[in-house]
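Heads up, the thing below is written out as structure tokens.
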Amino acid sequence: VKYPSYLTVPTFGKTTLGKELAERTGLCYINVGEVAQEGQLYDGFDEEYQCPVLDEDRVIDELEDRMSEGGVIVDYHGCDFFPERWFDIVFVLRTDNTCLYTRLENRGYTGKKLEDNVQCEIFQTIYEEAMGAYKEEIVHQLPSNEPEDLERNVEQITQWVEQWMKDNN
């Protein structure tokens, strides 16, 4: 039996969405940030943003076997370094800028980190990145502004997984 693999990328709610989908669909959930932390898959530290710099090549090497099996939900805030062959569909979660600003402040983001994250959403940076890295027809935007969006997104993606399973098995 073949299982689909997909990627969820920001802005917010991707971890909650990914975990809920894994529970409902039986797919495997992978949080790239956690994998990187567990394996110390870093290539230095970014002083400006006060965070480690991901070693993308080591992350790919670490995930390759798991991804080749299919049936994986990948959660990360970027996407252009993942091989195109890994995903059957890509979901970019979008958040209204007013909601986003408040969420980021509540997470303790300030200064350049806060401004850059809001600008990324304004300029659709992650969506454009996904459109450039994957076939246009597999990239989809979903709203992630309020709790009700989560349930709608879970339902929509679960239906897609069920249809994909019927079409590919």
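The structure displayed is predicted, hence computed values, not measured ones. Just the heavy atoms: all of them, side chains too, but no hydrogens, waters or symmetry mates, feed the values below.
- Taking 4.5 Å as the limit, every side-chain heavy atom of Ile89 sits out of range of all side-chain heavy atoms of Trp164.
- Ionic pairing of Arg24 and Glu20 is present here: one or more N-O contacts between side-chain nitrogen and carboxylate oxygen are shorter than 4.0 angstrom.
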Exercise. Should Leu17 and Ile157 be marked as a side chain to side chain contact (heavy atoms under 4.5 Å, CB included) after you check the CA-CA gap, both sets of side-chain angles, and the distance that decides it?
Worked result: CA-CA 10 Å; Leu17 176 65; Ile157 296 170; 4.0 Å; yes
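- A 4.5 Å side-chain heavy-atom check between Leu21 and Leu27 finds every atom pair outside the cut-off.
- With hydrogens and angles ignored, the 3.5 Å screen pairs a side-chain donor or acceptor of Asp149 with a backbone N or O of Glu146.
- Residues in residues 55-67 take part in these salt bridge (charged side-chain N to carboxylate O under 4.0 Å, His left out) pairs, two or more places apart or across chains: Glu64-Arg85.
- Using a 4.5 Å heavy-atom cutoff, the side chains of Val72 and Trp86 are not in contact.
- Side-chain contact check for Val35 versus Ile30: some heavy-atom pair is nearer than 4.5 Å.
- Side chain of Tyr76 to backbone of Phe82: no donor-acceptor contact under 3.5 angstrom is found.
- Distance alone, capped at 3.5 Å, is enough to place a donor-acceptor pair between the Asn145 side chain and the Asp96 backbone.
- Under the salt bridge (charged side-chain N to carboxylate O under 4.0 Å, His left out) criterion, Glu23 pairs with no residue, sequence neighbours left out.
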Listed pairs under 3.5 Å, donor-acceptor, residues 39-46 side chains, sequence neighbours left out:
| from | atom 1 | to | atom 2 | distance (Å) |
| --- | --- | --- | --- | --- |
| Gln40 | NE2 | Gln37 | O | 2.8 |
| Tyr42 | OH | Gln37 | N | 3.3 |
| Asp46 | OD1 | Glu48 | N | 2.9 |
| Asp46 | OD1 | Tyr49 | N | 2.9 |

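- A donor-acceptor contact under 3.5 angstrom links the side chains of Thr15 and Asp75, judged on distance only.
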